[in-house]
Amino acid sequence: MSVLVLSVLLASSLVTKVTAADEPNDSSSTSSPNISSTTTNSPATGSPSTSKLYSDSLIVEDISRERLIPVELYYPVTEFNCSEASKCPVMILSSGYGLLHTEYQFISQHFQQQGYLVIAVRHELPSYPPLSRVQPFAETRHENWQRGADTLNFIQHYFSQQYVTPQFVSRQFVNQQYVNQKQSSTDSTRYIAENFDFKHITLVGHSNGGDISSLLANSGASNIENNKVDYISCIITLDHRRVPLPRDPAIKVLSIRASDYPADEGILPSEGENASNISVIMIDGSRHNDMNDYGPTWLKDKILNLIDEHMQF
């Protein structure tokens with residue numbers, strides 16, 4: 001399998017940007033995100049580290065499905081000294097429908113400053129069918145969710161097996177100038193698969209990305225024996241609404257809810273249900289479409305505070 005490095009500009013051209021994630025467009029959304037860049041001395045909101053933050057834009061190829069998958073790798077800050085003897089944790093982030101995988105940097109950067117390798121995944125490309133707006137969503141959107149779950153499973157397997165460096169990439173990509181730019185901001189040992197814990201992964205997903213994450217935990221991937229996966233230790237969803245949260249007691253779950261749209265019936269634990277692994281917290285006055293880099297600072301701060309409490313950062 002090959003790894004291709006592409007610029008953020010090229011990756012951004014792969015889908016049409018919309019302001020909503022699973023809900024109608026809202027023209028009152030802000031026009032630009034209030035975030036720090038991915039290679040910077042400025043920490044993400046709520047993060048204590050002052051170390052530089054490094055990321056790489058990649059496209060990985062799933063040959064078995066003939067799919068190209070844009071990802072952004074956010075490397076742990078250097079003081080964590082990830083090694084095979086002391087592995088750093090891994091978080092895989094799935095964006096809401098119509099939003100880019102790079103539009104959740106307030107979360108991605110926060111996790112990398114806590115010592116995580118973050119792999120932000122782009123699920124939708126122009127060649128994919130649009131997300132269905134026809135009920136029942138459990139049927140009409142299942143193909144989208146299963147495709148996303150299979151992508152997450154591929155990403156987990158791919159990056160747990162690969163040794164990805166700019167030197168390796170430079171043999172695959174014709175734009176040597178861009179590769180050289182990347183090499184100037186990172187070193188050849190920043191990513192070594194053995195230095196990261198791919199057996200206990202945290203999944204974070206907004207809206208449709210949360211549905212995809214939940215489906216993977218519930219039903220698994222379609223291309224593995226018995227479908228089920230055993231490497232998910234934690235799931236955090238940002239106002240996902242369509243796929244039931246996993247009730248598996250081995251998976252720690254936090255679902256952060258906006259206050260403008262309800263979840264479908266059965267998605268969240270009912271009153272009196274024995275679901276001790278699940279925490280559901282609504283943020284008063286918050287909006288579904290604001291749970292990304294374009295949202296207000298107070299909301300992003302609140303989301304990070306809830307994540308800190310849940311993850312015990």
Report task. Report yes or no: does N208 contribute a side-chain atom to a donor-acceptor pair with the main-chain N or O of G96 at less than 3.5 Å? Result -> no

Report task. Examine distances only and state if a side-chain atom of H240 and a backbone atom of A263 form a donor-acceptor pair shorter than 3.5 Å. Result -> no

Query raised in the report: Mind checking whether M282 and W298 sit in one hydrophobic cluster, side chains of I, L, V, M, F, W, Y counted as touching below 4.5 Å?
Result: no

Report task. Using modelled atom types only, decide if a donor and an acceptor are shared between the side chain of K52 and the backbone of V77 within a distance under 3.5 Å. Result -> no

**Report entry** Pair E103 + R122: basic N to acidic O under 4.0 Å
**Finding:** no

Requested in this report: For residues S286 and K302, determine if any side-chain heavy atom of one lies less than 4.5 Å from a side-chain heavy atom of the other.
Outcome: no

Query - Student check: side-chain heavy atoms of L238 and I107 closer than 4.5 Å - result: yes

Query raised in the report: Taking only residues two or more places apart in sequence, or in another chain, which ones meet I281 in a side chain to side chain contact (heavy atoms under 4.5 Å, CB included)?
Result: L254, L306

Report task. Please assess N153 against Y231 for the test side-chain contact (heavy atoms from CB on, under 4.5 Å), listing each intermediate value before the final yes or no. Result -> CA-CA 10 Å; N153 185 64; Y231 49 76; 2.7 Å; yes

Report task. Take the angle between the ring planes of Y191 and F196 and call it parallel below 30°, perpendicular above 60°, tilted in between. Result -> parallel

Query raised in the report: Is any side-chain heavy atom of Q114 less than 4.5 Å from a side-chain heavy atom of M311?
Result: no

Query raised in the report: If you look only at pairs with a residue in residues 56-102, which of them pass as a disulfide bond (SG atoms under 2.5 Å apart), with sequence neighbours excluded?
Result: C82-C88

Report task. Verify the neighbour count for atom CD of E273: are there more than 12 heavy atoms of other residues, nucleotides or ligands below 6.0 Å? Result -> yes

Query raised in the report: When I232 is tested against each of V253, I92, D248, L203 for side-chain contact (heavy atoms from CB on, under 4.5 Å), which residue passes?
Result: L203

Requested in this report: Mind running side-chain contact (heavy atoms from CB on, under 4.5 Å) on I155 and Y158 for me, showing each step along the way?
Outcome: CA-CA 5 Å; I155 290 295; Y158 182 88; 5.5 Å; no

Query - Exceeds 12 heavy-atom contacts within 6.0 angstrom, atom CD of E265 - result: no

Report task. Might you point out which heavy atoms bring I235 and P246 nearest each other, and give the distance in Å? Result -> CD1-CG, 3.8 Å

Query - Non-hydrogen side-chain atoms of S86 and F80 separated by less than 4.5 Å - result: no

Query raised in the report: Under a 4.5 Å cut-off applied to non-hydrogen side-chain atoms, are L131 and E124 in contact?
Result: no

Query raised in the report: Do any N or O atoms from the side chain of Q109 and from the backbone of Y104 form a donor-acceptor pair under 3.5 angstrom?
Result: no

Query - Backbone N/O of S233 and side chain of K252: donor-acceptor pair under 3.5 Å - result: no

Query raised in the report: Quick one: CZ on R242 to CD1 on I267, what's the gap to the nearest 0.5 Å?
Result: 8.5 Å

Requested in this report: Determine whether L152 and V121 make a side-chain contact, defined as any pair of heavy atoms from C-beta on separated by less than 4.5 Å.
Outcome: yes

Query - Residue pair A149 / G220: nearest heavy atoms and the distance that separates them - result: CB-O, 4.1 Å

Query - Residue pairs passing the salt bridge (charged side-chain N to carboxylate O under 4.0 Å, His left out) test where at least one lies in residues 253-262, sequence neighbours excluded - result: D239-R257

Report summary line: Residues passing the side chain to side chain contact (heavy atoms under 4.5 Å, CB included) test with S219, sequence neighbours excluded, are L215

Query raised in the report: Quick one: CG on D293 to CZ on F106, what's the gap to the nearest 0.5 Å?
Result: 6.5 Å

Query raised in the report: Do the non-hydrogen side-chain atoms of L73 and Y54 ever get within less than 4.5 Å of each other?
Result: no

Requested in this report: Could you please spell out the steps behind the side-chain contact (heavy atoms from CB on, under 4.5 Å) verdict for L93 and Y74?
Outcome: CA-CA 11 Å; L93 184 145; Y74 297 84; over 6 Å; no

Query raised in the report: side-chain contact (heavy atoms from CB on, under 4.5 Å) between C234 and I236: does it pass, once the steps are laid out?
Result: CA-CA 7 Å; C234 180; I236 300 173; 4.2 Å; yes

Report task. Evaluate whether atom NZ of K199 has more than 12 neighbouring non-hydrogen atoms of other residues, nucleotides or ligands under 6.0 angstrom away. Result -> no

Query - Spatial distance of atom OG1 (T102) from atom CG (N292) [nearest 0.5 Å] - result: 11.0 Å

Query raised in the report: Can you check whether P244's main-chain N or O pairs, donor with acceptor, with N218's side chain at less than 3.5 Å?
Result: yes

**Report entry** Modelled atom types, side-chain donor and acceptor of H123 and S94, under 3.5 Å
**Finding:** yes

Query raised in the report: Is a donor on one side and an acceptor on the other found under 3.5 Å between the side chain of S160 and the backbone of H157?
Result: yes

Query raised in the report: How far does OG of S207 sit from CE of M291, to the nearest 0.5 angstrom?
Result: 10.0 Å

**Report entry** Results of side chain to side chain donor-acceptor pair (under 3.5 Å) for S222 - residues two or more places apart only
**Finding:** D150

Query raised in the report: Does a side chain donor of either D56 or Y75 reach within less than 3.5 Å of an acceptor in the other side chain?
Result: yes

Requested in this report: Can you measure from CD1 (I119) to OG (S108) and round to the nearest 0.5 angstrom?
Outcome: 11.0 Å

Report task. Determine the minimum heavy-atom distance between A221 and L216, stating which atoms define it. Result -> N-CD1, 4.0 Å

Query raised in the report: Sequence neighbours excluded, which residues qualify as ring pair (Phe, Tyr, Trp, His ring centres under 6.0 Å) partners of F313?
Result: F111, Y116

**Report entry** Exam field: side chain R247 to backbone L245, donor-acceptor pair closer than 3.5 Å
**Finding:** yes

Query raised in the report: To the nearest 0.5 Å, what is the distance between NE2 (H110) and NZ (K300)?
Result: 13.5 Å

Requested in this report: Taking the side chain as every heavy atom from C-beta outward, state whether N144 and S132 have any pair of such atoms under 4.5 Å apart.
Outcome: no

